[in-house]
Asks: 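My questions will all concern the structure given below.
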There are 2 protein chains.
Amino acid sequence: MELAKVKRDEVARVCAALGHSLRLEAMTFLISQPHGGAYVSDLVSHLSRAQSTVSHHLKILVEAGILAMESRGNWGWYQVVPTKLADLREYLLMFGLEAPHNAAGALI
Amino acid sequence: MELAKVKRDEVARVCAALGHSLRLEAMTFLISQPHGGAYVSDLVSHLSRAQSTVSHHLKILVEAGILAMESRGNWGWYQVVPTKLADLREYLLMFGLEAPHNAAGALI
DNA sequence: GGAATAAATCGACAATAGTCGATATAGAAT
DNA sequence: ATTCTATATCGACTATTGTCGATTTATTCC
């Protein structure tokens, strides 16, 4: 598979993970916390969803590389991985105002 | 509904639209074209999907504000709206390296 | 006006995603 | 060791999305 397609699939995966209001809310909550992260139980309270539902969404975000999980005893500490989103922002530059109409010529 | 939630729903809609490989491929094709856009029929050829399928994906991108459509006779000319993606990039800054852990404090 | 054509819309179906309650796992505390 | 607790995983169900062929709509060209 071409490199451009690999990259595109990766970006699509990240965007799909971001494409759900509840997951964005979880991320916003995480960065708002004093230490920049939180436990699953905190998110369950804040999001008002079943614990299994919250874990499911967290898994999607982790698999997309957007969140990182760290085990602390049997608590799971989650936080946003800023670099992943920085990568996405860079990719989106391709479509940006700065980009000439054929900037992606080499990427097709 | 709070402003933050409205904004989040909007971002989720845009990201969900971006969260499909075929749609990203369509966008990449559009910006690679000599005039920065193309007709539906061009995309049908390039994407190798049924015309109805291509129109469906274009509709999703237009409704998310990512593409603009311009009628030319009975051809439909599509192109990327750069500002929409610039807005998304700006939103994502919230989670970025530059952002302190509580940058979103006011947004919750 | 009538035929030809590009694209949008419709209807059906298959595949994927979201949600929950229940169960399993694994570390902590006793 | 046993119990307790936080989270992950499973199974079922519903809702949403992706795809296609067929039809409709709108515009151009005779």
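Below, read A as the first sequence line, B as the second, and so on, with proteins coming before strands; counting in each chain starts at 1. The structure displayed is predicted, hence computed values, not measured ones.
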Asks: Given D:dC20, C:dA8, C:dA7, identify the nucleotide with an atom nearest to the side chain of B:Y78.
Replies: C:dA8
Asks: What is the distance, rounded to the nearest whole Å, between atom CD of B:E25 and atom C1' of D:dG18?
Replies: 15 Å
Asks: Could you state the atom-to-atom distance from CD of A:E70 to P of C:dA26 in whole Å?
Replies: 19 Å
Asks: May I have the distance from B:W75 (atom CH2) to C:dA4 (atom C1'), rounded to whole angstrom?
Replies: 10 Å
Asks: Of B:M69 and A:H20, whose closest DNA chain C nucleotide lies nearer the 5' terminus?
Replies: B:M69
Asks: Run the salt bridge (charged side-chain N to carboxylate O under 4.0 Å, His left out) test on A:D9 and A:K5 for me, step by step, so that the C-alpha distance in whole Å, both residues' side-chain angles and the decisive distance to 0.1 Å come before the verdict.
Replies: CA-CA 6 Å; A:D9 288 352; A:K5 173 143 185 58; 3.2 Å; yes
Asks: Does A:Q51 have any side chain to side chain donor-acceptor pair (under 3.5 Å) partners at least two apart in sequence or in another chain, and if so, which?
Replies: A:S55
Asks: Can you name the residues that form a salt bridge (charged side-chain N to carboxylate O under 4.0 Å, His left out) with A:D87, not counting sequence neighbours?
Replies: none
Asks: Calculate the interatomic distance between A:R49 atom CZ and D:dT7 atom P; express it in whole Å.
Replies: 18 Å
Asks: Would you mind reading off the bend of the helix from C:dG1-D:dC30 to C:dT30-D:dA1 from its two end axes, five pairs each, to 10 degrees?
Replies: 30°
Asks: Going by the rule side chain to side chain donor-acceptor pair (under 3.5 Å), which residues pair with B:N74 if we only count those two or more places apart in sequence or in a different chain?
Replies: none
Asks: For A:L43 and D:dA6, what is the distance between atoms CG and P respectively, to the nearest whole Å?
Replies: 15 Å
Asks: Please name all residues satisfying side chain to side chain contact (heavy atoms under 4.5 Å, CB included) with B:A16, sequence neighbours left out, ordered by chain then number.
Replies: none
Asks: Which nucleotides of nucleotides 21-26 of chain D have their base under 4.0 Å from a protein heavy atom (B), which only their sugar-phosphate (S), and which neither (-), written as one string 5' to 3'?
Replies: BB---B
Asks: For A:S55, which contact category applies under a 4.0 Å heavy-atom criterion: base, sugar-phosphate, or nothing?
Replies: base
Asks: Figure out the NE2/C1' separation between B:H56 and D:dG18, and round it to whole Å.
Replies: 6 Å
Asks: Which ILVMFWY residues are connected to A:W77, directly or by a chain of links, through side-chain heavy atoms under 4.5 Å apart?
Replies: A:Y39, A:W75
Asks: Roughly, in whole Å, what's the span from CG in B:D42 to P in C:dA6?
Replies: 11 Å
Asks: What pairs with B:E70 under salt bridge (charged side-chain N to carboxylate O under 4.0 Å, His left out), at least two apart in sequence or on another chain?
Replies: B:R72
Asks: Measure from OH on A:Y39 to P on D:dA8 and round the result to the nearest Å.
Replies: 13 Å
Asks: Strictly by salt bridge (Lys or Arg N to Asp or Glu O under 4.0 Å), give each pair with a member in residues 74-85 of chain A just once, sequence neighbours left out.
Replies: A:E10-A:K84
Asks: Tell me what B:R23 touches on the nucleic acid: a base, only sugar-phosphate, or nothing, going by heavy atoms under 4.0 Å.
Replies: sugar-phosphate
Asks: Can you name the residues that form a side chain to side chain contact (heavy atoms under 4.5 Å, CB included) with A:H20, not counting sequence neighbours?
Replies: A:L22, A:R23, A:H57
Asks: Output every pair passing salt bridge (Lys or Arg N to Asp or Glu O under 4.0 Å) with a member in residues 43-59 of chain A, not counting sequence neighbours, ordered by first then second residue.
Replies: none
Asks: Which of residues 57-66 of chain A sit near DNA chain C, with a heavy atom under 4.0 Å from it?
Replies: A:H57, A:I60
Asks: Looking only at heavy atoms, what is the nearest atom pair of B:V14 and B:A64, with distance?
Replies: CG2-O, 3.7 Å
Asks: Can you see if the side chain of A:S41 gets near the phosphate of D:dT7 - specifically, an N or O under 4.0 Å from OP1 or OP2?
Replies: yes
Asks: Are side-chain heavy atoms of A:T53 and A:L47 found at a separation under 4.5 Å?
Replies: no
